[in-house]
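One-based numbering, in listed order, for ligands and for the atoms of each. This one's a predicted model, so the numbers in the text were calculated from it and none came from an experiment.
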Amino acid sequence: MIKLKSREEIEIMREAAQVVSRTLGVVAEHITPGVTPLQLDKIAEEYIRDQGAEPGFLGLYDFPNTLCTSVNEQVVHGIPNDKPLEEGDIISVDCGAVLNGYYGDHAYTFAIGEIKPEVRKLLDITLESLYLGIEQCKVGNRIGDIGYAIQHFTESHGYGVVRELVGHGLGKKMHEDPQVPNYGKRGRGKKLQEGIVLAIEPMINLGTHRIMQLNDGWTIVTADRKPSAHFEHDVAIVDGKPDILSTFDYVDKALAKNPAING
Ligand code: MG
Ligand code: MG
């Protein structure tokens with residue numbers, strides 16, 4: 001059942017989303033060759049708690065950390081480890097927080113220094129596809145319109161759209177109805193209504209759409225081990241239109257000051 005949110009709840013959820021946005025900004029300041037995902041995880045956990053919030057992923061379904069850190073061919077759900085990031089890597093950092101009983105859930109894929117042009121393009125197109133999906137979040141549309149927009153655009157660049165993992169409703173639970181696939185048909189699926197809040201999160205592979213899970217029981221990798229990108233925003237429908245509750249402004253500012261990150 002889809003739990004629609006009041007204006008008041010949406011404002012509380014904006015605060016939760018912004019906690020995560022600021023946390024990703026702090027993570028962005030620290031992303032450089034040599035830093036380890038585990039170091040980023042500790043920084044994020046401390047920063048979330050400093051803001052009076054709780055990490056949203058830690059302990060959720062028994063996940064062991066604050067961040068999901070997915071490097072290169074890892075798609076999502078990577079467990080932070082102590083392997084230093086290297087120039088040319090990409091890392092998807094997915095972060096959740098709970099504030100006043102509501103979840104924020106938000107992700108960005110960072111480049112470590114100079115990356116291959118084909119991987120840079122994958123990041124750019126995946127980010128663009130997120131906003132194309134968000135544009136479809138309006139009253140009168142359906143869930144399938146979001147997935148269609150993301151799939152049509154990314155597949156036109158020859159990329160693979162992950163099928164098994166999807167976006168989702170967001171609220172007092174991290175994962176609420178409805179599921180929000182990154183593929184679909186126009187005019188199909190559940191109707192989008194005023195007050196719906198969705199986590200929209202394209203997971204787009206440079207090669208095949210097929211994925212596998214590693215033996216750690218969490219990490220998802222591409223079947224062909226080619227790179228994968230992942231960006232996520234929290235979006236409400238307010239006055240019939242998309243209202244993005246999270247923001248990449250903090251990330252963008254941190255990256256602008258940190259040439260080690262995005263070249
Ligand atoms: Mg997420
Ligand atoms: Mg999510």
Side-chain angles (χ1 to χ4, degrees), residues 2-3 5 13-14 16-28 37 40-41 44-45 47-48 53-71 74-80 90-99 102-110 123 126-127 129-131 133-134 137 143 146-147 150 161-184 196-205 211 213 218-221 228-236 242 244-248 250-251:
I2 297 175
K3 291 195 171 105
K5 276 74 181 181
M13 291 192 69
R14 192 187 310 278
Q18 296 276 322
V19 165
V20 186
S21 299
R22 288 192 291 271
T23 305
L24 289 180
V26 171
V27 167
L40 298 175
D41 184 71
E45 179 174 356
Y47 189 75
I48 288 169
E54 294 289 324
F57 296 168
L58 185 64
L60 185 73
Y61 315 117
D62 293 325
F63 188 76
N65 290 84
T66 292
L67 300 179
C68 293
T69 53
S70 308
V71 178
Q74 298 178 353
V75 179
V76 287
H77 301 169
I79 298 173
I90 58 171
I91 180 172
S92 159
V93 177
D94 194 352
C95 182
V98 193
L99 183 72
Y102 288 85
Y103 278 89
D105 179 19
H106 187 31
Y108 192 92
T109 301
F110 296 96
L123 300 190
T126 303
L127 180 59
S129 80
L130 169 60
Y131 289 104
I134 290 170
C137 283
I143 289 289
I146 298 172
I150 293 169
V161 178
V162 172
R163 304 294 201 275
E164 294 87 343
L165 298 150
V166 296
H168 49 93
L170 188 70
K172 288 184 178 173
K173 290 187 177 157
M174 172 69 75
H175 297 115
E176 297 188 353
D177 280 344
Q179 293 199 341
V180 186
N182 296 303
Y183 56 92
I196 201 169
V197 181
L198 302 174
I200 300 180
E201 49 180 318
M203 289 157 257
I204 306 298
N205 300 343
I211 57 171
Q213 189 176 52
W218 280 104
T219 312
I220 305 295
V221 298
S228 181
H230 176 219
F231 293 86
E232 178 176 26
H233 267 315
D234 301 338
V235 183
I244 306 177
L245 306 180
S246 46
T247 175
F248 290 135
Y250 301 102
V251 166

### Message
Looking at the Mg ion (ligand 1), is there an N, O or S atom belonging to Glu201 that lies under 2.8 Å away from it?
### Response
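For Glu201, the answer is no, given that no N, O or S atom comes within less than 2.8 Å of the Mg ion (ligand 1).
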### Query
Among Thr69, Val93, Val251, which residue meets the side-chain contact (heavy atoms from CB on, under 4.5 Å) test with Val27?
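Between Val27 and the candidates, side-chain contact (heavy atoms from CB on, under 4.5 Å) is satisfied uniquely by Val93.
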### Task
Measure from the Mg ion (ligand 1) to every N/O/S atom of Glu232 and report the name of the nearest one.
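Result for Glu232 and the Mg ion (ligand 1): OE1.
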### Query
Strictly under 2.8 Å, is any N, O or S atom of His168 next to the Mg ion (ligand 2)?
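Checking the Mg ion (ligand 2) against His168, an N, O or S atom does fall under 2.8 Å.
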### Query
Among the N, O or S atoms that Asp105 has, which is closest to the Mg ion (ligand 2)?
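Minimum-distance N/O/S atom of Asp105 relative to the Mg ion (ligand 2) is OD2.
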### Query
Hey, does Pro181 have a side-chain heavy atom less than 4.5 Å from the side chain of Ile143?
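Yes, their side chains come closer than 4.5 Å.
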### Message
Check the orientation of His106 and His233. Use parallel for under 30°, tilted for 30 to 60°, and perpendicular for over 60°.
### Response
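Parallel.
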### Message
Parallel, tilted or perpendicular: which one describes the rings of Tyr61 and His175, with boundaries at 30° and 60°?
### Response
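Rings of Tyr61 and His175: parallel, as their planes differ by under 30°.
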